[in-house]
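Read the structure below first, then the notes.
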There are 2 protein chains.
Amino acid sequence: MTDTEPSEAGVGLSERVAEALRERIISGRLPGGSKLNERELSAELDVSRIPLREALPLLEAEGFIHSEARRGSFVHTFTLRDAVEVFDLRLRLEPFAAQCAALRVAGGASPEDLLASLEFARTGVPGEQASGRNSDLHEEIVRLADHDLLRRLSSLLNGRVRWLFRLTPERDTHGMWEEHAELVHAIAEGRPALAEALAGAHVERGRHASLPHLSGRLPSEPVPRRARKTRSPA
Amino acid sequence: MTDTEPSEAGVGLSERVAEALRERIISGRLPGGSKLNERELSAELDVSRIPLREALPLLEAEGFIHSEARRGSFVHTFTLRDAVEVFDLRLRLEPFAAQCAALRVAGGASPEDLLASLEFARTGVPGEQASGRNSDLHEEIVRLADHDLLRRLSSLLNGRVRWLFRLTPERDTHGMWEEHAELVHAIAEGRPALAEALAGAHVERGRHASLPHLSGRLPSEPVPRRARKTRSPA
DNA sequence: TTGCGCTATTTGGTATTCAAAAGTTTCCGG
DNA sequence: CCGGAAACTTTTGAATACCAAATAGCGCAA
């Protein structure tokens with residue numbers, strides 16, 4: 001691959017291809033509606049069509065692309081409705097994750113990784129986006145919940161959550177950290193009901209804070225026809 | 001493929017391969033711990049390795065198999081804990097689906113497909129398993145909810161739900177139909193709060209009714225080592 | 001201008017091949 | 001006789017080449 005760090009080794013090539021495409025879509029380098037030409041893309045990523053074709057079904061399951069038989073794959077055009085749907089499901093899953101995590105702590109599990117993640121979210125690497133640390137914290141809660149099926153569903157949501165966070169970088173970082181701290185402490189003290197309620201409140205606050213920003217930036221409807229080519233030359 | 005109906009056309013080959021493997025795993029023809037030899041399997045399903053390798057990541061996302069780099073893919077050994085996890089997440093998703101569906105009906109959507117599905121679940125094709133009609137009904141609710149992200153998460157759960165239903169075929173069919181009828185009518189009358197509550201009660205009743213049966217039939221722990229070969233000859 | 005048919009590209013899929021890593025067997029030394 | 005190292009074998013991960021079918025774009029004619 002031309003532009004990914006050589007450090008990421010060990011995992012399958014198709015997963016790295018999927019991640020590279022995910023990044024291109026989230027960052028907007030592959031705009032909604034783009035056609036993903038297999039040969040073109042595999043040449044650009046410097047892999048054969050095999051790992052590419054293994055990556056596409058993964059991205060389709062996550063809803064980043066949709067494939068039509070014999071016609072190819074197209075980048076999903078994210079709309080305001082997609083954003084609402086992300087909040088809808090976070091509202092159902094994150095309280096459950098918080099509840100599980102708190103129960104695990106009450107049962108003897110150590111919340112030290114979670115507390116470390118919270119501390120890291122506060123101090124943070126200066127240059128780093130707040131959005132990344134944000135998702136990391138939620139992933140840490142899911143990890144602590146130790147619930148395999150929840151982990152799978154969350155990882156399906158994760159890409160979309162990253163997409164949403166990147167669209168709203170100006171959200172009050174300090175207030176956000178305080179919300180997180182409250183939630184993390186409820187978990188670390190092993191209080192499942194409180195953790196569940198705080199997680200729900202956290203999601204709903206995020207929805208309320210984000211949607212006004214988003215409604216101006218997102219198309220309300222995907223462009224009906226005429227898919228744009230992948231590369232518009234410099 | 002040797003043993004699938006030729007009727008299923010149009011959809012990609014890899015999805016048919018995934019479905020064939022799913023069936024083999026759910027039915028127990030591929031027992032937990034089996035190693036999935038790519039060459040062997042692709043020969044048996046009469047496809048090349050490409051569609052097979054496109055299907056494996058899908059099955060892995062659903063948790064039917066797990067793959068270790070350079071070591072291959074192995075069938076997941078389902079445990080009681082897996083069953084509990086399915087109920088945990090149905091409890092979070094199905095009430096939301098019911099709520100959405102009822103809201104859609106209240107907003108003008110027609111519940112006729114859902115009502116037809118309920119009627120079909122009652123009359124049913126005699127030979128057919130109740131489990132299939134059961135999942136169909138839940139899928140119909142999700143369809144009516146018209147929520148893309150929910151649909152994706154539900155389809156990830158669906159395979160496991162089918163697995164669970166097939167393990168508990170003796171559950172009271174009539175009482176189950178009455179529960180379904182109550183839920184469907186709440187949705188059809190556009191009453192989201194009632195539908196949500198009924199869906200939650202339905203899941204919890206199912207959990208209470210199923211777990212005693214399951215605890216005797218499922219291994220509490222996966223077999224640690226020594227994976228059995230795929231085919232034990234007749 | 002509009003409808004029709006032809007070409008050309010692209011996808012879906014197969015077969016074959018190769019390198020590297022894991023697992024297995026063999027063989028030698030203590 | 002047992003343990004460990006070396007050689008061998010199997011299998012995955014990935015690339016390359018190739019083909020058939022379907023779509024899409026294009027030109028042409030009425």
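Just so you know, these numbers come straight off a predicted model, no measurement behind them. Just so it is clear: chains get the letters A, B, ... in the order the sequence lines come, proteins before strands, and each one is counted from 1.
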Value in whole Å for how far the [atom2] atom of [N] lies from [atom1] of [X]:
X	N	atom1	atom2	result
A:His66	C:dT11	NE2	P	14 Å
B:Leu36	D:dT11	CG	C1'	13 Å
A:Phe74	C:dT11	CZ	C1'	11 Å
A:Asp46	D:dA14	CG	P	13 Å
A:Ile50	C:dT17	CD1	P	16 Å
A:Glu40	C:dT10	CD	P	8 Å
B:Glu68	D:dT11	CD	P	16 Å
B:Leu52	C:dT14	CG	P	10 Å

B:Glu62 side chain vs B:Gly159 backbone, donor-acceptor pair below 3.5 Å: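 The answer is no, because no donor-acceptor pair under 3.5 Å joins these two groups.
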Residues touching DNA chain D, which here means a heavy atom under 4.0 Å, drawn from residues 55-65 of chain B: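 Nothing qualifies; none.
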Selection from D:dA15, C:dG13, C:dG12 that lies nearest to any side-chain heavy atom of A:Glu38: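 Taking heavy atoms from C-beta onward, the closest nucleotide is C:dG12.
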Set of residues satisfying side chain to side chain donor-acceptor pair (under 3.5 Å) with respect to B:Arg53, sequence neighbours excluded: A:Glu54
Looking at residues at least two apart in the chain, or sitting in another chain, which of them share a side-chain contact (heavy atoms from CB on, under 4.5 Å) with [X]?
X	value
A:Ser48	A:Ile50, A:Pro51
A:Arg152	A:Asp148, A:Leu149, B:Leu156, B:Arg160
A:Glu23	A:Glu19, A:Arg162, A:Arg166
B:Ser154	B:Val142, B:Leu150

Ring pair (Phe, Tyr, Trp, His ring centres under 6.0 Å) contacts touching residues 15-42 of chain A (sequence neighbours left out): none
Contact under 4.0 Å: A:Lys35 side-chain N or O vs C:dT10 OP1/OP2: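 No, outside the criterion.
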Below 3.5 Å is the cut-off: list the nitrogen or oxygen pairs between protein and nucleotides 7-10 of chain D, distance only.
none

Could you tell me which residues satisfy ring pair (Phe, Tyr, Trp, His ring centres under 6.0 Å) with [X], sequence neighbours excluded, listed by chain and number?
X	value
A:His147	A:Phe96
B:Phe78	B:Phe64, B:His76, B:Trp163
B:His66	B:Phe74

Identified side-chain contact (heavy atoms from CB on, under 4.5 Å) partner of B:Ile65 from the options B:Leu56, B:Leu58, B:Leu21: B:Leu56
Under 3.5 Å, which N/O atoms of the protein pair with N/O atoms of nucleotides 19-21 of chain D?
none

